[in-house]
Amino acid sequence: MIKANDPSLKSWIEVQPNSDFPIQNLPFGIFKTQSSSPRVGIAIGDQVLDLAILNKLGFLDKLKIDNSIFTNQYLNDFIALGKATTAAVRELISHLLNEHTPDLRDNKEARAKVFQSISNVQMQLPVRVGDYTDFYSSIDHATNVGTMFRDPSNALLPNWKHLPVGYHGRASSIVISGTEIHRPKGQTKPNENEPPVFGPCRLLDFELETAFIIGKETKLGESVSTSGAEEHIFGMVLFNDWSARDIQTWEYIPLGPFLSKNFASTVSPWVVTMDALEPFRVPGYTQDPKVLPYLEYSGDKNIDIHLDVFIQPDKGEENLVSQSNYKFMYWTMEQQLAHHTINGCNINVGDMMASGTISGPTPDSYGSMLEISWRGTKPVKMSDATERKFINDNDSVIIRGYCEKEGLRIGFGEAKGKILPAL
Ligand code: CA
């Protein structure tokens with residue numbers, strides 16, 4: 001077992017039982033304050049630990065990391081140090097925050113310098129995303145969409161169970177949680193017998209997803225095996241792949257989604273490491289038919305991550321509209337990465353690969369309004385008595401996620417975005 005994952009560990013920092021950030025998590029993010037520039041931080045309870053100051057004060061001396069790695073507006077350079085080093089940082093922080101370690105605990109002056117209240121910091125996009133890929137790997141989601149738009153008896157296309165379907169997305173419009181997004185405009189074809197029209201999207205949707213962040217590059221021509229994939233995956237974030245359904249329906253044939261998806265995607269700020277997620281691994285989906293040898297894998301490669309989606313009308317209450325789980329994924333991250341690189345496509349540190357909408361088998365676990373309202377035929381009641389088929393102007397959508405096992409809970413925080421009227 002990874003030492004920092006020990007469920008019996010306790011920190012001298014007070015952590016509430018429902019906190020996403022106990023000492024067993026220690027996720028990495030980039031934060032700034034009114035008086036400080038962006039830098040690397042770790043979340044613990046309701047505090048953020050400033051690694052730039054911690055390193056400057058000598059607490060990380062034995063790791064010999066240049067402070068420019070921590071006084072950085074992205075995690076890319078830190079992640080590129082390699083898993084041996086980033087894991088050693090997590091282990092050392094775990095040791096420093098341990099209730100029995102006096103070094104920082106009993107140094108009042110240092111403590112005052114290295115901690116910020118999480119409510120006083122402004123979180124930044126954690127990585128500079130070079131490339132972004134979106135998969136389509138939840139069998140329940142793909143089945144629902146195929147049932148609605150094609151043929152219920154042949155909902156999955158012939159390739160679906162043989163390869164993890166995906167497309168190349170747009171990195172420039174990936175934004176940090178809290179960023180407001182204007183309703184996209186575009187071309188749609190509301191009436192089959194009339195020409196297309198232009199205007200604000202009418203069927204704006206969220207997609208409940210997670211994304212993994214590449215931690216080690218490959219060279220052009222190289223492939224990553226399923227057994228070697230984990231070495232290349234640094235950690236995970238929550239991901240909302242905002243989708244304009246009416247634009248999508250008209251534009252997507254033959255090359256797939258384009259402007260219906262690339263106007264914005266919202267990510268959560270804290271990158272939860274694969275090390276921290278290790279205790280929550282569960283067996284993967286039974287894949288039938290058998291996959292080709294390069295997609296075969298061994299071990300428990302799915303992860304039990306509980307996922308919630310809320311819609312919050314302007315100044316209103318949060319309404320829970322979906323409770324799903326990452327474990328419903330048919331294709332694992334290891335398979336996605338093996339498939340992505342099998343042709344020699346190279347990957348870089350900071351690349352983001354999203355899961356695709358994560359729907360479970362029951363209607364309360366569907367990961368998009370398209371499915372929850374079943375194309376608008378089953379409106380959802382909000383606590384203020386209004387109804388939603390899709391997302392209204394001034395609604396916020398909030399995704400939260402956490403793992404829980406035998407009393408230990410680690411979480412991701414949230415990915416929140418508010419929709420403003422079209423410009
Ligand atoms: Ca998607």
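We count ligands from 1, going down the list as the structure has it; atoms in each ligand are counted the same way.
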Measuring from the Ca ion (ligand 1), count protein N/O/S atoms under 3.0 Å, please. 4
Just say parallel, tilted or perpendicular for the rings of Phe135 and His340, cut-offs at 30° and 60°. perpendicular
Quiz question: by atom type and distance under 3.5 Å, do the side chains of Thr357 and Ser359 form a donor-acceptor pair? no
Would you call [X] and [Y] a side-chain contact if the rule is heavy atoms closer than 4.5 Å?
X      : Y      : value
Glu296 : Val291 : yes
Pro313 : Asn392 : no
Thr341 : Glu222 : no

Under 6.0 Å from the six-membered ring centre of Phe28 and within 45° of its axis: does the NZ or CZ of Arg90 meet both? no
